[in-house]
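Everything on this sheet refers to the single structure shown next.
We use all heavy atoms of the structure for the numbers below, so side chains are in, but hydrogens, waters and symmetry mates are not. Reminder, nothing fancy here: chain letters follow the sequence lines and each chain counts from 1.
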Amino acid sequence: MKIIVPIKRVIDYAIKIRVDPSKGPRGVQLANVKMSMNPFCEIAMEEAIRIKEAAAKAKKGAAEVVAVSIGPKQCSETIRTALAMGADRGVHIETKADVRGDYVDLQPWGIAKLLKGVVEKEEGGVDLVLLGKQSIDSDCGQTGPLLAGLLNAPQATFAAKVEQDDDGSFKVERETDSGTETIKLKPADSPAVISCDLRLNTPRYPTMPNIMKAKKKPVQTISLEDMVNELGLDLDDVLSPKNEVLEVYEPPPRKEGEMVESVGELIGKLKEKGLVA
Amino acid sequence: MLSFLRPATASADLARRVARRSPATALALRRSHPQRSGSTLVVAEPTGDDSTLAPSTLSAITAASKLHSGPISLLTFSSGEANVPSSVSSVIRASADGNSSLLAETVTNALVAANEKHGYSHIVAAATKFGANYLGRAGAQLGVSPLSDVVEVLSEGMYLLHPDTFVRPLYAGNALAKVTAKDSPLKLISVRPTAFDKAEVGDGPAAETESLDVPANELTEWLLESVSKSERPDLGSAPVVISGGRGMKNGENFALLEALADKLGGAVGASRAAVDAGFVPNDLQVGQTGKVVAPDLYIAVGISGAIQHLSGMKDSKTIVAINKDGEAPIFQVADFGLKADLFDAVPELTEKL
């Protein structure tokens, strides 16, 4: 069984981004900011490894987990983290240092086109693509569904639980606007495409022995331009955003608030504003 | 580079300055996008009640009416005869077996079929989990890159020259981006329901209805659901929201918030921590990856105020925070902060209201 897990290097979740006009109309303060694997990509990677471990335990044959990342040179660190978690090999599609992955340059459309090519290029086919439901910089949540649409693949988004049946179908409990629903992804010519939500699992921390082992696992590094050529894609279609970002700016700040000393005082303030009777 | 690359407030200034200099140009600038022609398909959200449109659908219709002056059609799987806003001139009824209409593949098939039949200039989805599920899939099959989570349609002043320019959040809403959709001839967008007022529903159903055959979905099957039914207003559109966090300590204590919500006619929400700890179901989560809410009054109880939670509620008109930790980041966005034990303060508040 082969599982592809696209992973993204993004600004760490604990960081509040600042807009930086000195860097131009779309400038954002990224220098010296801590970068990490997107939390939802971590969850997707964890799920892939659990599936792999379950397959090994049930003696259902070896599953291979491939981490794929599109981004600058430093993405290789993100891939190594994935390998240390338990992925078998990595593919790093390297972009030039000034290419932004936070929607300004790379957008889900281009990423999905690349991933479709990666999936179709894999010898022996791919059974499952597991992705995070969204990245915490661009907050689009579209790469999974776009990829599913390009592949005409059965899809599930916001997965909270993933089970594989003996016939190769996946049963996925997914989060909805009103609770959860459970759907079945039938076996198809294309891999199942599943995007992962918060409660699917808690990702493991790589252990030291696994970090050491990861250094020996193979990573293919290829420039974006070369990969686009190899896949027979159009560089413009991948790299030129169809939704052009003109400007990035900070939302207007809220008026400063005040502390109140008692429930009585709070009610007084709310009455003044006409919010309570 | 073009000089309109400035914060949003500058565009109104520019329009005024041009108006003083040149009346003809001023007239052109005053006419905003509603003068463009086009035709839009809005995709209806599912609702438990077939006789009305979902609040998020009504917000999507308002957003659609800002795009151009052409007609708006509503694609729905509902069999009910809901009254529609006067801006909706036709309803397209798609049919699907059972709950297949909740599946991304089915909705995508319907959307693509409707577009093949009518050739729209814009397709609008609500930026909910339902909308996000099919938006990208539809985009792939229509050859359009979707523009998701739009919070503003820019249609005045400088943006006449750049129609289909929108604002969407980045980085958990700590930055906003002005984005122009360049696909042609079709644009596919999803809109954040809290950013657009609900269109007023008219006296009757749409002037025209047609039925649409939807190609069968062979790829997935809907099995079952687990939903919490509540008599309280819908969290996404309630005027008052009372949210509980880790400080609530357990699910039973949420009864305190429910009592307060009932007094104020509001809905109950929760932080990620409360959901993860199993205090309440996931559909109560407010945050960057939960629901985005913007009620008139948001009361955060026992919530510390992480970036991801703020992302889901910082557009609320008035924010109240109750937390016994005076250093909690939530107090930085609160209009009124009360440093107190919630187990004393919340019952007292409920009683005194």
Does any N or O in the side chain of [X] come within less than 3.5 Å of the main-chain N or O of [Y], such that one atom is a donor and the other an acceptor?
X: A:Lys273; Y: B:Thr318; answer: no
X: B:Glu105; Y: A:Gln155; answer: yes
X: B:Asp276; Y: A:Arg199; answer: no
X: B:Gln308; Y: A:Tyr13; answer: yes
X: A:Glu244; Y: B:Thr180; answer: no
X: B:Asp183; Y: A:Lys242; answer: no

Heavy-atom cut-off 4.5 Å, strictly under: side chain, backbone, both or neither for [X] against chain B?
X: A:Asn152; value: both
X: A:Ile136; value: both
X: A:Val276; value: side chain
X: A:Val28; value: side chain
X: A:Arg174; value: side chain
X: A:Ser195; value: neither
X: A:Ile11; value: side chain
X: A:Val19; value: side chain
X: A:Gln134; value: side chain
X: A:Lys271; value: neither
X: A:Ala160; value: neither

task = May I have the step-by-step check of side-chain contact (heavy atoms from CB on, under 4.5 Å) for A:Leu246 and B:Thr165, ending in yes or no?
result = CA-CA 9 Å; A:Leu246 306 175; B:Thr165 300; 3.9 Å; yes
inquiry  = Could you tell me if A:Thr157 and B:Asn133 have a donor-acceptor pair between their side chains, going purely by distance under 3.5 Å?
reply    = yes
Pairwise distance [atom1]([X]) to [atom2]([Y]) - rounded to 0.5 angstrom:
X: B:Phe336; Y: A:Leu266; atom1: CZ; atom2: CG; value: 7.5 Å
X: B:Trp222; Y: A:Ile183; atom1: CH2; atom2: CD1; value: 10.5 Å
X: A:Thr176; Y: B:Glu225; atom1: OG1; atom2: CD; value: 7.0 Å
X: A:Asp177; Y: B:Asp283; atom1: CG; atom2: CG; value: 8.5 Å

With a 3.5 Å cut-off and sequence neighbours excluded, list the donor-acceptor pairs that the side chains of residues 251-261 of chain A form with protein atoms.
from, atom 1, to, atom 2, distance (Å)
A:Arg254, NE, B:Val333, O, 3.4
A:Arg254, NH1, B:Lys314, O, 2.8
A:Arg254, NH1, B:Ser316, O, 2.7
A:Arg254, NH2, B:Ser316, O, 3.2
A:Arg254, NH2, B:Lys317, O, 3.1
A:Arg254, NH2, B:Asp335, OD2, 2.7
A:Glu258, OE1, A:Lys269, NZ, 3.1

Partner chain B: residue of [options] with the largest heavy-atom pair count (under 4.5 Å):
options: A:Phe40, A:Trp109, A:Phe170; result: A:Trp109
options: A:Lys133, A:Arg26, A:Glu250, A:Glu173; result: A:Lys133
options: A:Pro241, A:Pro21, A:Ala153, A:Ala156; result: A:Ala153
options: A:Leu146, A:Thr143, A:Val172; result: A:Leu146

Taking all atoms of both residues into account, what is the closest heavy-atom pair of [X] and [Y], and its distance?
X: A:Ala148; Y: B:Arg137; value: CB-NH1, 3.6 Å
X: A:Asn243; Y: B:Pro146; value: ND2-O, 3.3 Å
X: B:Leu219; Y: A:Ala188; value: CD2-CB, 4.1 Å
X: A:Leu270; Y: B:Leu297; value: CD2-CD1, 4.0 Å
X: A:Gln107; Y: B:Ser145; value: OE1-OG, 4.4 Å
X: B:Ala177; Y: A:Val245; value: CB-CG1, 4.2 Å

Residue [X] versus chain A: region with a heavy atom under 4.5 Å:
X: B:Pro169; result: backbone
X: B:Leu170; result: both
X: B:Phe331; result: side chain
X: B:Leu135; result: both
X: B:Gln332; result: neither

message = I'd like to verify something: which residue of B:Val144, B:Asp315, B:Leu235 has the highest number of heavy-atom pairs under 4.5 Å with chain A?
response = B:Val144
message = Only heavy atoms, only distances under 4.5 angstrom. Which residues in residues 343-353 of chain B are near chain A?
response =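 B:Ala345, B:Glu348, B:Leu349, B:Lys352, B:Leu353 fall under the 4.5 Å cut-off.
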